Amino acid sequence: MRNRWYGIVLLGGPGSGKGTQAVLLASTLNIPHISTGDLFRGNLKQGTPLGLLAKSYMDRGELVPDEVTVGMVRVRLSEPDCDKGFILDGFPRTIAQAEALDKVLLEFGKALTGVPYLHVSDALLLERLSSRWTCRVCGAVFNKVTPPPREGCKKENCDGELYRRPDDEPETQKNRIRVYEKQTAPLIIFYAKRGLVVEISGEQDVQHVQLDMLRAVNLEIVVDEPSQKARASLVEDDC
Ligand code: AP5
Ligand code: MG
C-alpha cells in the first residue's frame, strides 16, 4: 500500500505537456495538481485583484512577480489536501521562487521527492500551443493530435465551451519560450545538483510520456500488452 509522501515539481517549456501529465499523475497518486497558471486564470475568472494583476503579465507572456506568486502558492500548500503531497505545475519558475519553496517546505518539515523535466523542441512547442483548445469548465486540453469534438468538451460528460488561451497568440507564445529559457530553464541545473531531475522526452505520445513519468517518480509499472496502457501498481520501490 502507498504511504509515501510525494513532493513533485514538473519542469518543461510552455506547451511541453506539464498540465496534461500532471492531471494523469495526480489521479494515479491521489494528490493535488497545483498549477499556478490555472490559479491565476481562476482568479481572473472571478475578477479578483490578484487575477487582474496576473492578467497584465500573462497577456504579454511575462512572469507574474515572485512575491505575488510565492504568497499564492504558500497559501495553497497549507491546505489540508497537500498533507499527502502535491504536484506543482508551472511553479517554481525562477531561482528565487525555488528558494522560497525550499523555505516553505522546510517549515512544513518536508522536501521535494522528484523533478520530472519534459523536454520538447521549440518548434513542437509552438505547434502545440498554436493548436491548443481548452475547456472553460473542466480545463481539459485538446489539440490537433487529440482533436476536440465539434460540439464542445465532452470529457467525462462535461459539455463546457472550448476556447483559445489569450497567451497562445503567436507573439506571446514566442515571448513565453524566451522567458522560459532565460528565467526557468536554469532550474534544471538547480534541481539536478540535488539529484532530483529525470529528463523525459515530451515529444512521445501522451501514454508513453505517462509511463516515463511514473518511472521518474519511482512507481512500479504494469504495462498491459498489446494496448500499452499504463497502470501504476502503487507499490513503492526502495529508492
Ligand atoms: P502556465 O499556465 O503555467 O503556462 P505554461 O507553462 O506556458 O504552460 P502551458 O500551460 O501553456 O503548457 P503545458 O506544459 O501545461 O502543456 P499542455 O499540457 O497544456 O502559465 C501561464 C502564465 O501564467 C505564464 O506565462 C505567467 O505569466 C503566469 N505564471 C504561471 N506560473 C507562474 C509562476 N510560477 N511565476 C510567475 N508567473 C507565472 O499541452 C499543450 C498542448 O499540447 C495541448 O493542446 C495538449 O493537448 C498537447 N499535448 C500535451 N502532451 C502531448 C503529447 N505528448 N503529444 C501531443 N500533444 C500533446
Ligand atoms: Mg499548463
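Each ligand, and each atom within it, is numbered from 1 in the order the structure gives. Note that the numbering runs from 1 along the sequence shown for the chain. Everything quoted here is computed from the prediction, not taken from an experiment.
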A.B. asks: Using a 3.5 Å cut-off on N or O atoms only, is Asp38 in polar contact with ligand 1?
C.D. replies: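 Looking only at distances, the answer is no, because the N/O contact criterion of under 3.5 Å is not met.
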A.B. asks: Applying a strict 4.0 Å limit to heavy atoms, is Gly12 in contact with ligand 1?
C.D. replies: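 Per 4.0 Å heavy-atom rule, Gly12 does not contact ligand 1.
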A.B. asks: By number and element, which atoms of ligand 1 are closer than 4.0 Å to a non-hydrogen atom of Lys18?
C.D. replies: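 Close to Lys18: 5 (P), 6 (O), 8 (O), 13 (P), 14 (O), 15 (O), 16 (O), 18 (O).
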A.B. asks: Apply the test side-chain contact (heavy atoms from CB on, under 4.5 Å) to residues Val206 and Gln21: give CA-CA distance (whole Å), side-chain angles for both, the deciding distance (0.1 Å), then the verdict.
C.D. replies: CA-CA 8 Å; Val206 172; Gln21 293 299 327; 3.7 Å; yes
A.B. asks: For the atom pair CD1 (Ile87) and SG (Cys82), what is the distance rounded to the nearest 0.5 Å?
C.D. replies: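 Atom-to-atom, Ile87:CD1 and Cys82:SG are 10.5 Å apart.
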A.B. asks: Checking contacts here: is it the side chain or the backbone of Thr94 that comes within 4.0 Å of ligand 1, counting heavy atoms only? Could be both or neither.
C.D. replies: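 The answer is neither.
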A.B. asks: How close do Lys18 and Gly90 get, counting heavy atoms only, and between which atoms?
C.D. replies: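 Heavy-atom minimum between the residues: CE-N, 4.3 Å.
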A.B. asks: Numbering the atoms of ligand 1 from 1, which are under 4.0 Å from a heavy atom of Gly19?
C.D. replies: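 That gives atoms 13 (P), 15 (O), 18 (O) of ligand 1.
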A.B. asks: Taking only heavy atoms of Glu62, which atoms of ligand 1 are found under 4.0 Å from at least one of them?
C.D. replies: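 The atoms of ligand 1 under 4.0 Å from a heavy atom of Glu62 are 26 (C), 27 (O).
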A.B. asks: Less than 4.0 Å between a side-chain N and a carboxylate O, is that true for Arg176 and Asp168?
C.D. replies: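 A salt bridge is present here (some side-chain N lies under 4.0 Å from a carboxylate O).
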A.B. asks: Less than 3.5 Å between some nitrogen or oxygen of Leu63 and one of ligand 1, yes or no?
C.D. replies: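 No, there is no polar N/O contact under 3.5 Å.
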A.B. asks: What do we get for Thr20 next to ligand 1 when only non-hydrogen atoms under 4.0 Å count, side chain, backbone, both or neither?
C.D. replies: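 For Thr20, backbone and side-chain atoms both sit under 4.0 Å from ligand 1.
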A.B. asks: Show the atoms of ligand 1 that are less than 4.0 angstrom away from any heavy atom in Leu129.
C.D. replies: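 Those qualifying, in numeric order: 11 (O).
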A.B. asks: Hey, any chance Leu63 and Met58 share a hydrophobic cluster, counting ILVMFWY side chains that come within less than 4.5 Å of each other, even indirectly?
C.D. replies: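 Cluster IDs for Leu63 and Met58 differ.
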A.B. asks: Are Thr172 and Asp59 close enough that some pair of their side-chain heavy atoms sits under 4.5 Å apart?
C.D. replies: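 In short, these two side chains do not touch, never coming nearer than 4.5 Å.
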A.B. asks: Kindly confirm or rule out an N or O of Val209 lying under 3.5 angstrom from an N or O of ligand 1.
C.D. replies: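 No: no nitrogen or oxygen of Val209 is under 3.5 Å from one in ligand 1.
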A.B. asks: Nearest to atom 36 (C) of ligand 1 by heavy atom, Thr184, Val70, Val64: which?
C.D. replies: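 Closest candidate by heavy-atom distance is Val64.
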A.B. asks: Side chain, backbone, both or neither: which part of Trp133 comes within less than 4.0 Å of ligand 1 when only heavy atoms are counted?
C.D. replies: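 No part of Trp133 is near ligand 1 at this cut-off.
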A.B. asks: Below 4.0 Å from any atom of ligand 1, is there a heavy atom belonging to Asp168?
C.D. replies: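 For ligand 1, residue contact (heavy atoms, under 4.0 Å) with Asp168 is absent.
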A.B. asks: With only distance considered, is Ser35 within less than 3.5 Å of ligand 1 through an N or O on each side?
C.D. replies: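 So ligand 1 has no N or O lying under 3.5 Å from an N or O of Ser35.
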A.B. asks: Using a strict 4.0 Å threshold on nitrogen-to-oxygen distance, state whether Lys55 and Asp167 make a salt bridge.
C.D. replies: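 Result for this pair is no, no salt bridge flagged.
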A.B. asks: Run the numbers for me: atoms of ligand 1, each under 4.0 Å from some heavy atom of Gly90, listed by number.
C.D. replies: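 Near Gly90, meaning under 4.0 Å from one of its heavy atoms, ligand 1 has 31 (N), 32 (C), 33 (C), 34 (N).
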A.B. asks: Against heavy atoms of Gln97, which atoms of ligand 1 measure under 4.0 Å?
C.D. replies: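 Answer for ligand 1: 33 (C), 34 (N), 35 (N), 36 (C).
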A.B. asks: As an exercise, identify every atom of ligand 1 less than 4.0 angstrom from a heavy atom of Asp205.
C.D. replies: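 Near Asp205, meaning under 4.0 Å from one of its heavy atoms, ligand 1 has 53 (N).
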A.B. asks: Determine, using heavy atoms of Gln204 and all atoms of ligand 1, whether some pair is separated by less than 4.0 Å.
C.D. replies: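 It does, in that a heavy atom of Gln204 comes within the 4.0 Å cut-off of ligand 1.
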A.B. asks: What distance separates Thr28 OG1 from Leu214 CG, expressed to the nearest 0.5 Å?
C.D. replies: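 Between atom OG1 of Thr28 and atom CG of Leu214 there are 5.5 Å.
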A.B. asks: Ignoring hydrogens, what is the shortest heavy-atom contact between Leu101 and Pro92? Give both atom names and the distance.
C.D. replies: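 Looks like CD2-CD, 4.0 Å.
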A.B. asks: Once you round to the nearest 0.5 Å, how far does OG of Ser35 lie from CZ of Arg76?
C.D. replies: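 Separation between the atoms: 11.0 Å.
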A.B. asks: As a quick check of understanding, evaluate side-chain contact (heavy atoms from CB on, under 4.5 Å) for Val70 and Phe91, giving each step before the final call.
C.D. replies: CA-CA 9 Å; Val70 168; Phe91 182 92; 4.2 Å; yes
A.B. asks: Say whether Arg41 and ligand 1 are in contact under the criterion: heavy-atom distance to a ligand atom below 4.0 Å.
C.D. replies: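 The answer is yes: ligand 1 sits under 4.0 Å from a heavy atom of Arg41.
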A.B. asks: When you measure from the heavy atoms of Gln21 to every atom of ligand 1, does any distance fall below 4.0 Å?
C.D. replies: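 No, that is not the case, since the closest heavy atom of the residue is not under 4.0 Å from the ligand.
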A.B. asks: Please list, in number order, the atoms of ligand 1 under 4.0 Å from a heavy atom of Asp167.
C.D. replies: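 Atoms satisfying the 4.0 Å criterion: 21 (C).
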A.B. asks: If I compare all heavy atoms of Arg128 with all of Glu203, which pair ends up nearest, and what's the gap?
C.D. replies: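 Here Arg128 and Glu203 meet closest at NH2-CA, 3.9 Å.
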A.B. asks: Heavy-atom distances under 4.0 Å decide this one: backbone, side chain, both or neither, for Arg176 against ligand 1?
C.D. replies: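 It is the side chain that gets close, since no backbone atom is under 4.0 Å.
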A.B. asks: Do any nitrogen or oxygen atoms of Ser131 come within less than 3.5 Å of a nitrogen or oxygen of ligand 1?
C.D. replies: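 There is no such contact.
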A.B. asks: Looking at Glu181 and Arg178, is there a salt bridge between them, counting it only when a charged N and a carboxylate O are closer than 4.0 Å?
C.D. replies: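 No, Arg178 and Glu181 are not salt-bridged.
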A.B. asks: Have a look at Gly13, Gly15, Ala96, Gly61 and point out the one with the heavy atom closest to atom 12 (O) of ligand 1.
C.D. replies: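 Comparing heavy atoms across Gly13, Gly15, Ala96, Gly61, the nearest one to atom 12 (O) of ligand 1 lies in Gly15.
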A.B. asks: What distance separates Phe142 CZ from Thr134 OG1, expressed to the nearest 0.5 Å?
C.D. replies: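 Answer for the CZ-OG1 pair, Phe142 versus Thr134, is 9.0 Å.
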